[in-house]
Every structure is written in C-alpha cells, then in structure tokens.
S.K.: 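Questions regarding the structure given below will be posed in turn.
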Amino acid sequence: MPPNLTKPNSGFTSKPSPLCTFVSLIILLIIGFYTLHYPPGNPKKVLFQQIFLSSASNSTIASYLRSLTSHPHLAGTKPSLETIHYVKTHFQNLGLETHTVPFQTLLSYPVHASVSMHFGNSTVLNLPLNEMGIPSYPSSGLIQPYHAFSPSGTVHGKVVFANHGREDDYRTLGLRGVNVNGCIVIIRKGGGLSRGAVVKIAEKKGALGVLMYAEGDVSKGSFGSGVERGTVMEGVGDPLTPGWGADEDGERLKLEDKKVLERFPGIPSLPLPFESAQLILDSLEGPLAPQEWRDSGRSNLSHVGSGLVMVNFTYQGEKKLATIYNVVAVIRGLEEPDRYVLMGNHRDAWTYGAVDPNSGTATLLDIARRYALLMRKGWNPRRTIIFCSWDAEEFGMIGSTEWVEQNLVNLGAKAVAYLNVDCAVQGPGFFAGATPQLDNLIFEVTKKVQDPDSEVVATIYEKWKTMNGNNIQRLSGVDSDFAPFLQHAGVPSVDIYYGRVAGVWGLLGLHLADDPVLPLDYLSYAKQLQEYKDAFSRVLDGNISLTPLAAPIQEFTSAAKQASEETKKLMEQEFTNDLLALKIRALNDRLMLAERGFLDTDGIKGREWFKHLVSVFFSKIAVRTEVLHT
C-alpha cells in the first residue's frame, strides 16, 4: 500500500535502515552518473532530439506562412511593421527573451519606370513592366518592379543581347563584330554574376543601360509572367556606414561621398517580364547568336543585334534613409551562456515572400516553438541559442550586416556558428553550403531525418546522395545573411535549402548548443584546403611554385589531427571533474576560434570589408577551375 500522506513522516528523525541507506546511495550514484556522464549517446540528449523531431507540425508552419505572406512587406515600408510585430509577438508568447533592434539605413524605392520600342514606321510599343494579372500597384500594395540603387536616367538606343553579361559573353560578341558601346544591352539572369556585377561590366563596355529578365525553369514554366526584382548595389550592408552599425544617431557618410558612389552602378537598369523581353529579342538583327546561347533557356533567340528598332527606357528612383528592424530572441545557455549558436533568416521580401524568405521564417518560428516545448519538458541548452529575424536582406544583407558590425567584438569572442536558411520550400532535393568543419555534422544530422518527399522510407542523407553525391558547396559568395558572419566576423556558417528543412536545421542547432565538445571537424577543412591547392596547381600548370602554400596547409592538417584525437580522448571520459571541464572548454575555444584565424584585419585589397582570406581563395580557385574545364 502507498504511504499515508496525511500522517507526519518520521523518516527524517528516525535512524535509517541499512536497506534504505543502500537504496539511497544507489539513487545518488545514478543521479551523479547522468549528471556528470558525457558519452556521445547521452540518453537524455537523444530523447530530446526525438521529441524535437516528433513535434513537427506542417499545419502549424502553414499557419505561420499564411500570416507572414498575407500582404507584401518590403523593408522600410509601413506594411513591413505588421510582419515585425508578428514575429516579435510569436517569440514573446513562447516565453523567450525578445528584442527589436532598429537601424537607420539607406534604402532605394522606385518612383517611375517605362520601356518602349520605336519602329522604323514611327510606331511606338509601350512594354508591360509589371506581373501579368496583378492589379494596379497602389491597390495591391506591391512595389513596381525595379532594381534597388539603380541610378535614375533616360536612355535611348539600339539593343544588343549579351547573354548573361559576363566578360566571356562580351568576348563572344566581339568575335562576331558586335560592339555594345552606345547601346542598351538586354541580359538574361544567370551565369553566376550578381545583378550589380552585370551592370558594372556593361557600364565598362560603354553600354547606356541594362534590361534584365529571368527565364526560370523551362519544364515548370516559372517566371512566365513574373518579374525578378533585386538590388544592383555592390557589397553588403548600409553604404553610408561601412564597417560600423547604422545607429539612428551614429556617424554617416554623405550620399555623394566617393566610397558611397562606388557601391552603385553609373548606368540605369530595369527588370523585365519574360514576355516583354521576348518582344525585344524578336526585333534583333545582326549576327546569329551562338548555338549554345540559342539552345539554352526558354528564350526564342536568333540574332544578337542590333537592328532597326530603337528602345527608350526611363527609370526614376529615390534613395532615402529608412528605419529597419531586426528581431532577436534568446534562449540562455545553462552551462556556457557566453557561447552563442545563432540561427537566422531574413523576413523582408520584394513582394509576398511565400518562398524566399518566409518559408524559412515560418520554419524558424516553428523551431523556436519546438525548442520551447523541450524547455517545458526539462531541457536547457548547454550554450546560448539566438534566433535572428533579419530585415532588409533583399537590399544587400543590410539588417544582418549592421547587427554583425554592431556586435563584432562579442561575436568574435563568443559565436560558435551561424545557421542560415532563406527558402525552406523551394522544391525537392536538399542543398547545403557550409564552411568545411561543419560537413560531418551535416552528414550526421541528415542521416537522422526522414526524407518527406521520398516514396520509400529513406533519410535525407540517402536521397541527397542519389541526387548529387552529398555535395556541400562552399560559402564564397555574398548572396545571403551568412555573408557578414563568415566574411567579416569569421564565424563558421551553414546555409541550407530544402523542401521541409525544420528537422535538419533544428538538429544542427541542438548539436551545436548541447554537445559537450563542439562538433567542428577541421580534418574536413584541411582536406578541402589541400584539394583547392591541388586545383590551383593545375590551373598554374607548374609555372609558379606553391611550396609557400603547401607548408601551412600541412601544419594546419597536423593541428586538425591533434584536435581530432584530443576530442576522442575527452569524449571517452565517463565522468567529469573541474580539470576535465577546463580541458573541454579550452578545446572548444580552439575549435570555435580557428575560423577567425583566416581573417585579415586589413581586409582584401580593394574590398577591405571582406576579411576572410580562405573564403576568397575558395571563390577564386572555383572560378579558375571552371574556366580551365571550359
């Protein structure tokens, strides 16, 4: 029978029996074991991971997405305030410590735009610039299609098709006797260049302006009547506060400052709907386009131009200071609160943002919900987790960059990793980009999560392997919010896309926040460095000795092996004590700070904001290797 709880318990005053003492001792030993034991398969840790995965809810994510995409929410506009409030309230309702962080930054908006074709018989055709089927822009709340930070201007001239607008494309035109000087160039998006780089190259070639269109996926007919907005500003962050946070009362450069003007192109540009671009392509005469150009994409292309038809286009825009808001929520770490695992996604969108970025935003909110559920079940992360909802990413990673610049010292000393997601429902298949020390963690996590799109029971890892061989790309670009963390602060980073990414994203966060020894494997990094050195050697074809590069890579490999062996030894320890805890802390600090060792405080010559030498090295080698193969 159970004890009578109404009677006073005399057990605390009477002498305990030998059996009671023995049982109590066993209980204390068991409690001590689970408190101090750190095996890789910690049952409690595994249990919380299972709870996290089992608490997924597609309907919950769908409800978040509906709320986030109920109206357009371009950064700096009044409708965006509702989205900010929604995200902030969600975090607060979960009981998380939540802050909004405002910055006053330079943004760019359209005032007027037009494009018309002028034929030899004096007829004029005004081309549609908007999405087909969309009501007038004031009533829909949409901002008309434009390129942010394009200079205002009116240009009139003949048109030349320049494929993707790369240097190679202009060389191909030159071989056909085509010169774009004094012409308007029309370019199809793609080819690996940013919009800003495309416009800068066209400007250098003497073009008057640039018209740009997107073809999308031929098989799916995407972008058939859409227009791809974007920015043409070079670099990332607020152009008026390069290197420091854009506080409301802080110092700013003048708009006419040379450093500011260098960020913007000198000729106007506009995005076109595919149908309007095709009308211009149909009017082109001159040399035949290369067969490769004609066969790629969905454009009906014959000639590269020019022709008798003239095009006139006007763009008028305004650059102005606007207030943007990042939303940050914190789960304090229990044992290492001064070590940060950051999980981020941008919230702003050119239009409704159903895919980019708010499928990712909805997923971030759901991960926060599931972490809060774990907390109610007794979980507390070892390290601090920070949820980051960025603003003004579409303008050039402005919200995240300003926050990183404002917190650079803190991040340099305390940030473990940054995990980024833009699009969480962008079709089937798994995409991952990462700094190399996170490769093995990504492999481990994808083996734990079932693929939601597979007809048979299979993990994401297995499906991913059949699609592209578990390839993890390197984060050498500046196309999302990982850029300031990696390129400026030297924080190990991940960028993932997937149909339903919450499981992978959330487990990555749990491992980085909870594993006693950080799951950062620098043997993968050493292997990658060696592979790129070898690729560089092939590009140089033995003309330059790479011995000065080989020696430090070998030293790095040796240090990575030592760290790996030390990790194994520490993980084999079944009980902890103060000395072991100090050893784990010291190793973790070395693993965390190793990425910072690739930073150059002076930055890359000509691009001083970019500090990460290895990331630039990856980018340069990849480009040179691609050129070599072609």
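These numbers were taken from a predicted model, which means no experiment stands behind them. Excluded from the calculations below are hydrogen atoms, water molecules and symmetry mates; all remaining heavy atoms, backbone and side chain alike, are included.
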S.K.: Is the closest basic N to carboxylate O distance between Arg195 and Glu228 below 4.0 Å?
M.R.: yes
S.K.: If every non-hydrogen atom of Leu374 is compared with every non-hydrogen atom of Phe48, which pair is closest and at what distance?
M.R.: CD2-O, 3.5 Å
S.K.: His612 and side-chain hydrogen bond (donor to acceptor under 3.5 Å, both in side chains): which partner among His488, Gln487, Glu595?
M.R.: Glu595
S.K.: Which atoms form the tightest heavy-atom contact between Leu512 and Ala417, and what is the distance?
M.R.: CD1-CB, 3.9 Å
S.K.: Kindly indicate, with the supporting measurements, whether the criterion ring-ring contact (aromatic ring centres under 6.0 Å, His included) is fulfilled by Tyr371 and Trp379.
M.R.: CA-CA 8 Å; Tyr371 281 4; Trp379 170 77; 5.5 Å; yes
S.K.: In terms of the angle between their ring planes, are Phe443 and Trp464 parallel, tilted or perpendicular, with boundaries placed at 30° and 60°?
M.R.: tilted
S.K.: Does a side chain donor of either Ser480 or Asn420 reach within less than 3.5 Å of an acceptor in the other side chain?
M.R.: yes
S.K.: Taking atom NZ of Lys448 as the centre, does the number of heavy atoms from other residues, nucleotides or ligands within less than 6.0 Å exceed 12?
M.R.: yes
S.K.: Taking the cut-offs as 6.0 angstrom to the six-membered ring centre and 45 degrees off its axis, would you call Lys447 and Tyr461 a cation-pi pair?
M.R.: yes
S.K.: So does Asp578 have more than 12 non-hydrogen atoms from other groups sitting under 6.0 Å from CG?
M.R.: no
S.K.: Tell me if the NE2 atom of His85 is crowded by more than 12 foreign heavy atoms within 6.0 Å.
M.R.: no
S.K.: Classify the ring geometry between His90 and Tyr64 as parallel (under 30°), tilted (30 to 60°) or perpendicular (over 60°).
M.R.: perpendicular
S.K.: What orientation do Phe556 and Tyr525 show, parallel under 30°, tilted 30 to 60°, or perpendicular over 60°?
M.R.: perpendicular
